[in-house]
Amino acid sequence: MNSFTFAAAIRAARNGEMYLDPAVAGMVARQLRTPGASASGADDSVLTPRERDVLALVAQGLPNRAIGDALGITERTARTHVSNILAKLGLTSRTQAALYAVRHAP
């Protein structure tokens, strides 16, 4: 991360926002422009109700600590749920999980 990117990330955090690297933003935009594209062909019915709750909060951009606070669980348990979600859906990142949640929202 160069100093410009680092400074932008700090400014975003200070403003209560989340900094998204331009390369990641491009990937997100490409995936959103491609209807039906999915990082995984998985069906979210394999998720438990709690995992669906966690996935919804991941889609809101919340970190594990905030997810834990919102659901009354520990940060470690939230992290475990996120890992299980990624594995069950065949995803490799929180960004992919957030995109999946947005695309498959009821």
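Atom CG in Asn64 sits 12.0 Å away from atom CZ in Arg76 (nearest 0.5 Å). Atom NE2 of residue His81 and atom CZ of residue Arg52 lie 13.0 Å apart, to the nearest 0.5 angstrom. To the nearest 0.5 Å, atom CG of residue Asn84 and atom OG1 of residue Thr77 are 10.5 Å apart. The distance from the OG atom of Ser83 to the CD1 atom of Ile85 is 9.0 Å, given to the nearest 0.5 Å. Between the CD1 atom in Ile67 and the CZ atom in Arg79 there is a gap of 11.5 Å [rounded to 0.5 Å]. To the nearest 0.5 Å, atom CD of residue Glu51 and atom CG of residue Leu89 are 8.5 Å apart.
Between the side chain of Arg94 and the backbone N or O of Leu62 there is at least one donor-acceptor pair closer than 3.5 Å.
Of all non-hydrogen atoms in Val54 and Ala78, the two that sit nearest each other are CG1-O, 4.5 Å. The nearest pair of heavy atoms linking Ala97 to Leu86 is CB-CD2, 3.9 Å.
Counting heavy atoms from C-beta on, the side chains of Leu57 and Leu71 come closer than 4.5 Å.
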